[in-house]
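This report concerns only the one structure given below.
Values below: every heavy atom of this structure, side chains too, minus hydrogens, waters and symmetry copies. Every chain is numbered from 1, with letters handed out A, B, ... down the list of sequences.
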Protein chains: 2
Amino acid sequence: MASSTDGHRGKRPTITDIATAAGVSRGTVSRVLNNERWVSESARDAVERAIAETGYRPSSTARSLRGRRSHRVAFLINEGVDRLFADPNFAVLLQGISDALRERGSSIVLLMAGNQAERDHAVEFVEDGAVDGLFVISWHQDPEVVARIERTGIPLVSAGEPPSAAEVSWVSADDKEGAALATRYLLSLGRRRIVTIAGPDRGPSGDQRLAGYTEALSGEVDPRWIEVGDYSQASGAEAMLALLDRVPDLDAVFAANDVMAAGAIEALRQAGRRVPEDVAVVGFDDSTAATSVVPAITTMRQHFDVICKTAVELLTERIDGSPPRHVVVPTELVIRESTSS
Amino acid sequence: MASSTDGHRGKRPTITDIATAAGVSRGTVSRVLNNERWVSESARDAVERAIAETGYRPSSTARSLRGRRSHRVAFLINEGVDRLFADPNFAVLLQGISDALRERGSSIVLLMAGNQAERDHAVEFVEDGAVDGLFVISWHQDPEVVARIERTGIPLVSAGEPPSAAEVSWVSADDKEGAALATRYLLSLGRRRIVTIAGPDRGPSGDQRLAGYTEALSGEVDPRWIEVGDYSQASGAEAMLALLDRVPDLDAVFAANDVMAAGAIEALRQAGRRVPEDVAVVGFDDSTAATSVVPAITTMRQHFDVICKTAVELLTERIDGSPPRHVVVPTELVIRESTSS
DNA sequence: ATCGAGCCTGGGATCGATCCCAGGCTTGCC
DNA sequence: GGCAAGCCTGGGATCGATCCCAGGCTCGAT
């Protein structure tokens with residue numbers, strides 16, 4: 001009855017308090033808590049009643065100290081939060097990984113590393129053993145931080161192929177094959193002058209998507225058919241205008257993400273080209289941007305649910321001592337109005 | 001020299017290892033680590049050398065257990081990550097609070113509470129004593145979770161006035177006075193038919209901003225001058241169209257946030273009204289949306305740096321045992337092109 | 001009746017830090 | 001010389017859980 005005040009004033013109950021209240025030893029309480037064998041019905045009942053009465057919960061800190069596992073995992077964020085949040089894929093990854101981790105009983109610590117002070121703090125945090133492992137999103141990776149973290153020996157898993165040759169596990173969508181599929185699909189529609197709006201030069205997935213596009217066109221691509229964007233809608237529109245200028249008779253565009261595809265559609269409309277009649281457009285990601293535009297964008301879907309589950313599996317493996325490995329998840333063509341009317 | 005392999009294979013050094021290496025006792029090492037008095041030069045030197053050689057870092061877990069402080073703070077997120085990230089203020093708050101916390105030596109745990117499974121997990125996490133306190137953003141508050149967390153006795157600070165009469169500390173911009181200032185400024189420009197696009201009914205800051213607007217107009221506002229939006233750009237545009245329809249001769253708009261103001265400007269342009277010549281527009285927040293539009297939007301700046309620092313102070317106080325209190329931070333008028341040419 | 005195997009329990013040791021007290025050593029002052 | 005005060009150090013106790021071993025008990029087989 002005094003529980004509401006107890007919670008505030010008095011101390012939190014410990015395992016010893018429960019043992020006393022239930023008339024058993026700490027060992028027995030621990031066995032009940034962890035669902036181990038060799039506990040009698042009566043002892044289990046008494047312990048469970050004591051737990052219910054006191055509202056006891058084991059201290060996660062004490063557990064971590066004894067068990068050498070913090071049950072915490074960090075999400076390393078390598079740039080200003082504002083820019084990151086603008087990326088629709090980030091929210092999906094964060095949510096998906098959080099869900100998968102919850103089932104495993106771990107929680108997420110946000111580690112910002114957008115400036116030097118943050119980076120130093122992040123590395124110290126990891127060195128202090130505050131987390132069991134961490135996730136990094138490849139397209140924002142900062143090689144310095146990653147190197148410093150690797151040196152601590154704490155496992156790191158990358159979502160997307162890491163730019164460095166680091167010995168880390170990673171999981172990624174099959175960017176190259178996805179881009180090739182998208183391009184081949186445009187070819188199958190009879191389009192022949194297929195230009196592309198590529199991602200920024202350095203990004204690994206950007207390079208892969210460009211490679212897939214080139215491969216599908218048998219490697220013979222006029223460099224004037226390629227324009228580089230930065231994944232933003234404005235850059236997609238700009239790139240489209242440049243391409244229209246250089247290749248007036250183009251009949252299809254493959255954009256390295258949906259947001260740029262949306263920008264391209266906007267530019268095409270302003271230039272008086274109809275989508276899909278005059279120009280077919282394919283994006284990548286199947287993000288919310290793909291369906292919030294008219295016409296809805298045909299795109300390569302990344303199976304983020306699989307990617308997230310895999311990322312968590314890979315990290316769990318490494319925490320348990322397995323060597324790093326990587327997984328490539330196939331993408332899927334989703335046909336919408338921007339390619340077929 | 002073997003440090004790279006040591007980090008991986010061998011155990012992490014403990015305070016006892018350092019004590020042995022430096023030829024002193026654990027107590028002395030601890031004193032050096034915590035910069036306490038009564039350590040001789042020579043002892044300090046020896047310890048520091050041993051620390052540098054081994055790369056020793058104290059275990060944060062052991063510290064937490066003994067010190068009864070986790071040095072961790074949670075950020076409670078009461079809805080789908082995707083919707084939250086769309087809010088430009090959220091990124092600013094997260095970044096600002098993270099900066100302020102870093103100086104205090106604490107780190108941020110992300111606690112998603114978008115669905116029931118997440119909510120349960122979040123409450124258990126807090127009950128386990130995994131964090132010293134938490135932040136919640138008022139406009140996304142879920143009373144159930146907040147109540148359950150309050151019951152644990154762990155301090156909670158709200159950014160924005162909480163909807164419930166809960167006994168929590170909070171910090172907020174002065175929404176009411178800010179809105180009144182904005183409206184009075186429009187009056188000072190000679191505008192007389194000033195309509196408003198208000199925030200959603202329930203939100204506390206939305207209500208306050210509407211109240212300030214009404215107050216500045218001496219309380220006599222034709223209900224047809226008020227239209228409610230949901231803080232999105234689309235809703236701003238829609239609301240503007242409705243207002244134009246009902247009040248064709250309006251000459252100014254006060255929108256409860258910048259994003260809706262941007263939507264309003266878009267709608268005004270399409271309706272053939274010039275901004276600011278025909279209609280002056282004022283927003284709220286001074287978010288990135290205010291300057292990424294043409295014309296740039298006159299707005300009420302929220303001093304997020306102050307708000308964030310205050311939020312961290314309030315939480316620190318409560319963790320140290322002080323009673324809850326609240327702070328209201330004044331806003332500032334920022335004049336841009338949407339009201340003066 | 002004796003023995004062994006399986007069931008159940010208690011409690012000491014442990015994880016890695018901090019707290020704190022006792023005690024040795026200097027120094028200064030009467 | 002004696003004594004108090006201040007400086008420095010060591011190490012036992014502690015935080016709250018888990019691990020693990022010893023030991024008691026029950027039951028069935030010989």
ask   = What nucleic acid atoms does R44(B) come within less than 4.0 Å of, heavy atoms only: base, sugar-phosphate, or nothing?
value =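 The residue R44(B) makes no contact with any strand.
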task = With heavy atoms under 4.0 Å as the rule, sort G67(A) into base, sugar-phosphate or nothing.
result = nothing
Between [N] and [X], is there an OP1 or OP2 to side-chain N/O distance shorter than 4.0 Å?
| X | N | answer |
| --- | --- | --- |
| T28(B) | dG10(D) | yes |
| R68(A) | dG16(C) | yes |
| S40(B) | dT9(D) | yes |
| S25(A) | dG10(C) | yes |

Could you state the [atom1]-[atom2] distance from [X] to [N], rounded to the nearest angstrom?
| X | N | atom1 | atom2 | value |
| --- | --- | --- | --- | --- |
| D128(B) | dA17(D) | CG | C1' | 12 Å |
| W38(B) | dG6(D) | CH2 | C1' | 8 Å |
| R12(B) | dG16(C) | CZ | C1' | 10 Å |
| R37(A) | dC19(D) | CZ | C1' | 15 Å |
| R66(B) | dA13(D) | CZ | P | 13 Å |
| D45(B) | dT9(D) | CG | P | 11 Å |
| E41(B) | dC7(D) | CD | C1' | 14 Å |
| E36(A) | dA17(D) | CD | P | 15 Å |

remark   = Axis-to-axis angle across the helix from dA1(C)-dT30(D) to dC30(C)-dG1(D), five pairs each end, nearest 10 degrees, ~ 60°
query = Has the side chain of R26(A) got a donor or acceptor that lies under 3.5 Å from a partner of the other kind on the base of dG12(C)?
reply =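 Pair found.
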message = I'd like to know if R31(A) reaches the base of dG10(C) with its side chain such that a donor and an acceptor end up less than 3.5 angstrom apart.
response = yes
message = So, applying side-chain contact (heavy atoms from CB on, under 4.5 Å) with F75(B), which one of L111(B), I137(B), V109(B), V136(B) is it?
response =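 With F75(B) as partner, L111(B), I137(B), V109(B), V136(B) yield a single side-chain contact (heavy atoms from CB on, under 4.5 Å), made by I137(B).
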Is [X] reaching over with its side chain to a backbone N or O of [Y], donor-acceptor style, under 3.5 angstrom?
| X | Y | result |
| --- | --- | --- |
| S40(B) | A43(B) | yes |
| D142(A) | E144(A) | yes |
| S30(A) | R26(A) | no |

Side-chain touch V123(B)/E127(B), heavy atoms, less than 4.5 angstrom = yes
request  = Assign each of L65(A) and G23(A) to its nearest nucleotide of DNA chain C by heavy atoms, then name whichever residue's nucleotide is nearer the 5' end.
outcome  =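 Result: G23(A).
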query = Which class fits the ring pair W170(A) and H326(A): parallel under 30°, tilted 30 to 60°, perpendicular over 60°?
reply =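 The rings of W170(A) and H326(A) lie parallel, inter-plane angle below 30°.
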query = Does the side chain to side chain donor-acceptor pair (under 3.5 Å) test come out yes or no for R104(B) and T316(B), once each step is laid out?
reply = CA-CA 9 Å; R104(B) 206 183 145 266; T316(B) 304; 2.8 Å; yes
